[in-house]
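Okay, structure first, notes after.
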Amino acid sequence: MVKNAELAYIFGNITKILKIQNDNVFKIRAYERVADTLENMPMEAETLYKSGRLNEIPGVGTAIAQKIGELIETGRLEYYEKLKEKIPAGVLELLNIPDIGPRKAKLFYEELGIDSVEKLEKAALAHQLQSLYGMGKKAEENILRGIELYKRREQRSPLGIALPIAEEIVRELKSLPCVDQISIAGSLRRGKDTIKDIDILISSLKPEKIMEKFINLPQTKEVLAEGLTKSAILTKQNMQVDLRVVSPDSFGTALLYFTGSQAHNVRLREMAVKRGLKINEYGIFQVKGDKKIGGDDENEIYEILGLHYIMPELREDMGEFEAARHSTLPIPVELNDIKGDLHTHTDYSDGLNSIKEMAAAAKQRGYQYIAVTDHSQSLHIAGGLDEVKLLEQIKRINEINRDIEGITVLKGIEVDIKSDGSLDISDDILKKLDIVIAAVHSNLKQKRALLTERYRRAMENPYVDIIAHPTGRIIGYREPFDIDIQEIIRIAARTKTALEINSSPERMDLHDIYVKSAKEQSVMLAIGTDAHQTSSLDQMRYGLAIARRGWLEKANLLNTLSLKKLKERLKKK
DNA sequence: GCCGTTTTCGGCCCGACTGTTTTCAGTCG
């Protein structure tokens, strides 16, 4: 089985090589588009290939269809092999570094023979890059900073990437009859926005059978460790997966132990000691006589320690013990509390699906409403809407709302906040919308005070309801903007502007710690998937993880409100 | 390389910013 992800990876690499070779930009775009589509489409390309329907994939014509066919049939692609002879893989790696594009990669490779990140770093530290045409001191510094970022990205994966990989492995292991209980553990279970490796815990009386299956999974690229209680593999996506197998009567304490965080566990064990108890991964024991008094159920451990159950997302030793003792733990918001998505795109800008398709997909997910918030005009590349086109879309949505039942499409916009804090769409037009999301997409390196001021102006606009992806970070690629986030939270509170929890895996923005402080200042939050296609509406759960880690309850979120209540709550137009 | 059919050939989203230039290339989104 050739996975879409593998095809996407290869077409992505072809794209990169063609860019470095300075090939026809439209040809490059064609490959790039296909790589992107392959990665995100729900249907397996191989399935389509077998029924002769590859050309149904948008952007796939005869040439690319032939190449996909060759890959599926033979596992390799002659065209790709030839390209790789000219540009080594290490040169492609350079493109993942911020501030390095095809031109610089080519320059470094041809002039200095740089074909790896390590060599690039060496050359930069030796100030060899400065002398190259078009390069200078600052460019060299930027590259060194980019390498640092890049290295960190290598270490952690976004929740939205790691979780599906983990779930697939869990599904496969679960098929073994000797598996008693199975759970994802570690930071992934705690819903952290980025994950270093995947931890999976199984209880079983036949660990050898489980380990055998595990190290021979189709995902396995390399076996890092192999034992009866603990094994580790590296997947084809270079993600480390640790598997632990314990006996059924230890599942609860083992899960507690492997879920962490370490700080949480330390506190928990300290509390046990004070009660003459001892917790390890095999159970909770009375120190006197070493008598086991529990261990098969997580909840039981908290109970024995006189605590309410603390859900994994809160286990960071960030006040959860105190809250558990005083019965002030949040009542966690659940996926079925979510009544709608407040940040989506359609084919009016850079989305893939029509308004109707997005609405139908939202309805299918049990929502009452979906806000269509396409980009505004200054984001040209995303096909941002000018006022004429926006008015046209408003009209279209009114028609659709008359036609469809069971879901309401909210008329919205993701309006660009310009460098001076003014908006990209006039108030006269904004007031015709149900919901206005404002976002910064340009001039990202403004000075802290200036950028914060820019946000202030936007939030003070009477029509702005939500600030999208407030810190602007792209995980592993772009640091959060240099903004005074606490000041922004204060302004949000004063202006009754909601802050977004953007669910797209690479953003996961606002970060949980700021979500919590926003809640503490009575700022409303709104989870938006930023979906550019129907399937991405499912990313809601990643934003939900942030919300839960941010101690949010139903009442702290705009999109747990019914349609009627939401409309009352949005800024008065 | 894909797409459409008032085009089977000629289009195909491009503006802002940065750092390096002395008029613009490279990167980003």
Side-chain angles (χ1 to χ4, degrees), chain A residues 10-12 14-38 54-69 77 79-80 83 94-108 111 129-146 149-150 345 347-352 374-386 389 414 416-420 424 439-447 450-451 454 468-469 472-474 477-479 481 502 504 506-507 509 530 532:
Chain A
I10 290 169
F11 284 108
I14 291 174
T15 305
K16 288 177 181 173
I17 295 172
L18 294 177
K19 277 183 182 171
I20 292 171
Q21 292 186 337
N22 206 6
D23 210 308
N24 179 295
V25 287
F26 301 110
K27 182 173 156 187
I28 292 168
R29 199 174 295 165
Y31 277 106
E32 198 160 33
R33 181 181 175 204
V34 168
D36 197 48
T37 306
L38 283 168
L54 273 182
N55 58 357
E56 284 182 23
I57 303 171
V60 173
T62 47
I64 291 181
Q66 183 273 323
K67 289 182 175 70
I68 293 174
L77 178 59
Y79 176 67
Y80 180 42
L83 287 177
L94 302 181
L95 297 183
N96 296 330
I97 296 167
D99 277 334
I100 296 186
R103 295 277 88 77
K104 283 184 191 157
K106 186 181 187 184
L107 181 73
F108 299 156
E111 295 298 320
L129 304 181
Q130 288 188 25
S131 57
L132 296 175
Y133 182 77
M135 294 288 300
K137 197 158 174 278
K138 269 213 166 122
E140 197 171 71
E141 283 166 9
N142 281 340
I143 281 170
L144 278 172
R145 209 177 46 227
L149 257 179
Y150 171 77
H345 296 271
D347 54 12
Y348 268 75
S349 67
D350 59 349
L352 288 180
D374 278 309
H375 293 289
S376 65
Q377 50 198 351
S378 67
L379 211 60
H380 297 281
I381 187 65
L385 275 53
D386 59 23
K389 193 111 185 274
E414 181 182 359
D416 253 59
I417 302 171
K418 297 197 276 191
S419 291
D420 63 354
D424 198 23
V440 166
H441 289 113
S442 62
N443 203 0
L444 313 177
K445 289 178 179 168
Q446 267 179 336
K447 286 254 167 7
L450 214 57
L451 192 48
R454 189 173 164 193
H469 41 73
R473 68 129 173 213
I474 308 283
Y477 196 74
R478 189 168 77 202
E479 294 285 6
F481 300 152
N502 189 293
S504 66
E506 69 277 13
R507 286 197 183 267
D509 180 11
D530 209 346
H532 284 66

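Remember, it's a predicted structure, so these values are computed and weren't measured experimentally.
Contact annotation for A/Lys418: no contact, since no heavy-atom pair falls under 4.0 Å across all strands.
Atom name P, nucleotides B/dA16 and B/dT6: the rounded distance is 35 Å, in whole Å. B/dG26 and B/dT21 are spaced 13 Å apart, taking the P atom of each and rounding to whole Å. Distance noted for atom P between B/dC17 and B/dT22: 23 Å (whole Å). Spacing of C1' atoms, B/dT7 relative to B/dC12, comes out at 13 Å, to the nearest Å. Of the P atoms belonging to B/dT23 and B/dC28, the separation is 25 Å, rounded to the nearest Å. Separating the P atom of B/dG10 from that of B/dG29 is a span of 35 Å, rounded to the nearest Å.
Rounding to the nearest 0.5 angstrom, the gap separating the CD atom in A/Glu111 from the CG atom in A/Leu129 is 11.5 Å. Here the NZ-CZ distance, from A/Lys445 to A/Arg478, works out to 9.5 Å after rounding to the nearest 0.5 Å.
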Could you pull out the protein-nucleic contacts involving nucleotides 22-27 of chain B (nitrogen or oxygen on both sides, under 3.5 Å)?
from	atom 1	to	atom 2	distance (Å)
B/dT27	OP1	A/Gly101	N	2.5
B/dT27	OP1	A/Gly101	O	3.2
B/dT27	OP1	A/Lys104	N	3.2
B/dT27	OP2	A/Pro102	N	3.4
B/dT27	OP2	A/Arg103	N	3.1
B/dT27	O5'	A/Gly101	N	3.4

Distances under 3.5 Å between protein N/O atoms and the N/O atoms of nucleotides 11-13 of chain B, please, pair by pair.
from	atom 1	to	atom 2	distance (Å)
B/dC13	OP1	A/Arg29	NH1	2.7
B/dC13	O2	A/His380	O	2.8
B/dC13	N3	A/Ile381	O	2.3
B/dC13	N4	A/Ile381	O	2.8

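Among the nucleotides B/dC2, B/dG29, B/dT20, the one closest to the side chain of A/Arg478 is B/dG29. Comparing atom distances between the A/His441 side chain and each of B/dC17, B/dG1, B/dG29 picks out B/dG29 as nearest.
Taking atom CD1 on A/Ile64 and atom C1' on B/dC2, their separation rounds to 8 Å, with Å as the unit. Distance A/His375 NE2 to B/dC28 P: 18 Å, rounded to the nearest Å. If you take CG of A/Leu444 and P of B/dG29, they are 7 Å apart, rounded to a whole angstrom. Atom CG in A/Asp509 sits roughly 14 Å away from atom P in B/dG29 (whole-Å rounding). Following rounding to the nearest Å, A/Arg507 (CZ) and B/dG29 (C1') show an atom-to-atom distance of 10 Å. For the pair A/Gln446 CD and B/dC28 C1', the interatomic distance rounds to 16 Å; values are reported in whole Å. Between the CG atom of A/Leu95 and the P atom of B/dG29 there is a distance of 14 Å, given to the nearest Å. Note: CG (A/Asn142) to P (B/dT18) measures 11 Å, nearest angstrom.
Judged purely by atom type and a 3.5 angstrom limit, A/Glu506 has no side-chain atom pairing as donor or acceptor with the backbone of A/Ile474. Counting only distance, with no hydrogens or angles, the side chain of A/Glu414 and the backbone of A/Ala468 share no donor-acceptor pair below 3.5 Å. A donor-acceptor pair is defined here as one N or O able to donate and one able to accept, closer than 3.5 Å; no such pair exists between the side chain of A/Arg473 and the backbone of A/Phe481.
Using a 4.0 Å cut-off between charged side-chain N and carboxylate O, A/Glu141 and A/Arg145 make no salt bridge. Electrostatic pairing of A/Lys19 and A/Glu32 counts as a salt bridge here, judged by a charged N lying under 4.0 Å from a carboxylate O.
In this structure, A/Tyr31 and A/Leu132 both approach DNA chain B, and ranking their closest nucleotides by distance from the 5' end singles out A/Tyr31. The residue among A/Ile28 and A/Ser378 whose nearest nucleotide of DNA chain B is located toward the 5' end is A/Ile28.
Considering all non-hydrogen atoms of both residues, A/Ile68 and A/Val60 come closest at CD1-CG2, 4.3 Å.
Side-chain contact of A/His375 with A/Asp416: a donor-acceptor pair under 3.5 Å is absent, judged by distance alone. A side-chain N or O of A/Asn502 and one of A/Asp530 form a donor-acceptor pair less than 3.5 Å apart.
At least one side-chain nitrogen or oxygen of A/Asn443 sits closer than 4.0 Å to the OP1 or OP2 atom of B/dC17. Listed pair A/Thr62 / B/dC3 fails the phosphate criterion, with no side-chain N or O lying under 4.0 Å from OP1 or OP2.
Under the side chain to side chain contact (heavy atoms under 4.5 Å, CB included) criterion, A/Gln377 pairs with A/Asp386, A/Asp424, A/Ile425, not counting sequence neighbours.
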